[in-house]
Number of protein chains: 2
Amino acid sequence: MRTAARRDALRATAAERGLDAVLVTNLLNVRYLTGFTGSNGALLVRTDGADLFGTDGRYTTQAGTQVPDVELLVGRATVPALAREAVRRGARRLGYESHDLTVDGLHGLERVLDDAAAGGTVPELASVRRAVEAQRAVKDDDEVESLRRACAVADQALAQLAAEGALRPGRTELQVGRELDARMLALGAEAPSFETIVATGANSAIPHHRPDTTVLRDGDLLKLDFGATVDGYHSDMTRTFVLGHAADWQREVYELVAASQAAGRAALAVGADVVAVDAAARDVIVAAGHGEHFTHGLGHGVGLEIHEAPGIGQLGAGSLAAGMAVTVEPGVYLPGHGGVRIEDTLIVTDDAPELLTLTSKELLVL
Amino acid sequence: MRTAARRDALRATAAERGLDAVLVTNLLNVRYLTGFTGSNGALLVRTDGADLFGTDGRYTTQAGTQVPDVELLVGRATVPALAREAVRRGARRLGYESHDLTVDGLHGLERVLDDAAAGGTVPELASVRRAVEAQRAVKDDDEVESLRRACAVADQALAQLAAEGALRPGRTELQVGRELDARMLALGAEAPSFETIVATGANSAIPHHRPDTTVLRDGDLLKLDFGATVDGYHSDMTRTFVLGHAADWQREVYELVAASQAAGRAALAVGADVVAVDAAARDVIVAAGHGEHFTHGLGHGVGLEIHEAPGIGQLGAGSLAAGMAVTVEPGVYLPGHGGVRIEDTLIVTDDAPELLTLTSKELLVL
């Protein structure tokens with residue numbers, strides 16, 4: 001199973017760092033490493049290979065089905081129980097996720113270790129930082145397939161809405177957003193990836209506008225930023241349309257953003273510095289005199305979270321690796337007038353990046 | 001504004017505990033205290049009344065609209081920035097949420113306080129524990145109104161599905177679940193309250209069954225546990241039906257659970273101990289010899305979270321207060337055969353509890 005390979009990779013990291021075991025508490029990391037989709041679970045990955053998965057009584061059956069290959073511990077206080085077992089089985093140095101565990105959670109762990117030591121040497125706690133998130137940044141084949149399906153659902157939902165004429169003047173942003181969401185659910189999405197953005201007219205100049213009762217009007221821009229969740233994996237796509245007919249300024253801004261987005265996609269290569277990828281797209285917009293109107297980073301990793309590593313922006317750090325799933329989403333926002341953003345989800349490969357969001361990026365006049 | 005009164009209540013708690021300010025990091029607590037619905041925000045409540053709300057540049061406009069009455073601080077690292085400001089404005093003793101702040105987050109705060117002290121006395125950090133959650137357990141009028149609307153959406157969605165004959169033999173659990181979700185969205189829900197449970201036949205004996213391709217069949221039980229989110233507030237309702245005709249055992253189990261649920265609702269009174277409320281419903285099931293088949297607690301608080309304080313169960317603690325929103329949801333599960341759960345969302349009042357989920361609790365044969 002894929003999840004066994006993922007646990008083995010974490011096991012190798014733990015061994016390198018001199019840990020006997022790692023207590024994984026971040027629920028998405030637990031899902032990634034086990035396949036478990038319930039709302040309460042934690043995982044103990046041991047360097048000797050005998051892992052332990054903990055959850056509560058609601059999930060006994062589900063854990064048996066989803067995590068058949070890891071020993072199961074059922075109980076109420078999962079994290080302390082796993083820590084207790086780790087010590088009972090000889091762990092002297094236990095890794096934990098300091099970016100996830102709360103202050104109260106750490107105090108609980110410390111009490112467990114004190115008790116378990118029973119007067120002897122108290123086992124040591126050491127943060128593994130974001131070791132699992134670092135693994136998650138590079139997707140395996142199963143994950144890429146889930147992302148493909150998530151992107152396909154979003155593509156189809158938008159195609160259906162456009163074909164039915166649902167994106168027409170007279171309707172409200174909220175109506176469009178709700179239909180897009182309902183369509184994605186009908187096509188098999190578990191949920192929208194995030195609160196769907198529908199922004200028309202001047203609202204399209206607000207990068208993260210929440211859809212409201214604003215009415216779509218002839219001649220306005222219509223920006224849709226949305227995605228579908230499939231198997232827990234999130235797609236993310238933005239398309240901007242014009243209703244009725246496109247004015248020259250709309251066409252110019254659109255072509256500029258499209259050129260920037262193409263440059264950003266072209267810069268997605270194994271080993272590319274994320275700051276350089278951002279610059280490849282940003283330079284196009286800056287050269288056209290609109291640098292101040294591109295107010296956010298170029299993109300982000302996407303997977304079990306809608307925003308995850310790597311960040312692609314001016315303040316980013318690190319470089320791209322094959323198998324990373326990222327968005328490329330430049331925008332130009334003219335306050336009070338309107339804005340254009342174009343966004344794809346792609347997979348970085350040794351060759352050209354694989355495009356997962358297949359909806360056309362021509363300027364569509366609806 | 002309601003949110004100002006909520007901040008004043010927290011301010012009073014802070015003053016009682018000798019704190020100069022409280023740094024609220026839990027995002028739902030921030031929403032409760034400010035009305036802010038974005039994905040990144042933190043709040044500094046100061047005993048001198050000069051509060052400060054922090055978020056990042058994506059939310060400048062939204063913060064201005066949703067939180068017009070609190071001074072705004074826009075930046076990238078919101079929590080350290082608020083802590084820095086607290087110290088700059090004279091805080092010597094700063095409260096924080098140890099159940100929410102991560103270990104890394106606390107270390108970041110400690111660094112900020114060390115820096116801000118610049119060699120002088122380092123300000124002290126003290127956990128306020130779940131002070132805001134304790135406030136949230138008692139709903140104000142605005143919150144009750146949101147819950148009423150959330151429950152009404154769920155009631156209407158179910159009524160529409162039943163009226164259209166969508167709950168009929170031959171359909172799958174997944175189809176029913178998706179239609180219920182889509183219907184709630186169409187009726188104005190922001191999202192389902194949680195992953196909708198549709199469990200038919202033997203699956204109905206699994207308390208938290210995930211809908212799958214199991215086909216609804218004549219003579220089977222059909223258990224639906226679902227809710228709608230409106231204004232961030234969650235409704236929670238379970239109804240169990242029989243398809244075609246009801247067998248004697250189904251009718252008997254149903255009547256038993258209905259009697260238990262009525263007893264639980266009748267026990268909802270100001271000052272009632274939550275363990276006693278659980279017992280009032282549980283005793284009915286135990287007396288009928290089915291105690292072992294009621295495998296979970298009786299209910300839970302509901303609001304900005306689907307599960308929040310107070311817990312109503314055998315291991316609960318505390319008593320009910322007027323304005324608490326709670327569920328009452330006993331169940332009897334006969335493994336391999338089927339199960340019945342009946343659940344309402346209600347408001348505890350000085351009088352009889354107010355029932356918010358209005359769908360009939362008669363045994364409906366569809």
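A, B, ... follow the sequence lines: proteins, then strands. Residue 1 opens every chain. Since this is a predicted model, take the numbers as computed values, not measurements.
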> Charged N to carboxylate O under 4.0 angstrom, A:E343 versus A:K223?
Replying inline: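 So A:E343 does not pair with A:K223 through a salt bridge.
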> Are A:R210 and A:E173 close enough for a salt bridge, meaning some N to O gap below 4.0 Å?
Replying inline: no
Between [X] and chain B, which part of the residue has a heavy atom less than 4.5 Å away: side chain, backbone, both or neither?
X      : result
A:Q175 : neither
A:R183 : neither
A:H99  : both

What part of [X] lies closer than 4.5 angstrom to a heavy atom of chain A: side chain, backbone, both or neither?
X      : result
B:Y96  : side chain
B:T37  : side chain
B:Q62  : side chain
B:L315 : side chain
B:R129 : side chain

> What residue, out of B:L101, B:D181, B:L185, B:L106, has the most heavy-atom pairs lying under 4.5 Å from chain A?
Replying inline: B:L101
> So which of B:G177, B:G105, B:G188 has the largest heavy-atom pair count under 4.5 angstrom toward chain A?
Replying inline: B:G188
> Within 45° of the axis and under 6.0 Å from the centre of the six-membered ring of B:Y233, does NZ or CZ of B:R149 qualify?
Replying inline: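 Ring-cation test returns no.
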> Taking side chain as C-beta onward, heavy atoms only, is A:T55 less than 4.5 Å from A:L72?
Replying inline: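 A side-chain contact exists here, since the closest heavy-atom pair is under 4.5 Å.
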> Stepwise, does the side chain to side chain donor-acceptor pair (under 3.5 Å) test hold for B:S204 with B:Y333?
Replying inline: CA-CA 7 Å; B:S204 62; B:Y333 312 99; over 6 Å; no
> Quick one: are the ring centres of B:F226 and B:F194 less than 6.0 Å apart?
Replying inline: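 Between B:F194 and B:F226, which both carry aromatic rings, the centre distance is not below 6.0 Å.
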> Aromatic rings B:H300 and B:H307: how do their planes relate, parallel, tilted or perpendicular, breaks at 30° and 60°?
Replying inline: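 Correct class here is perpendicular.
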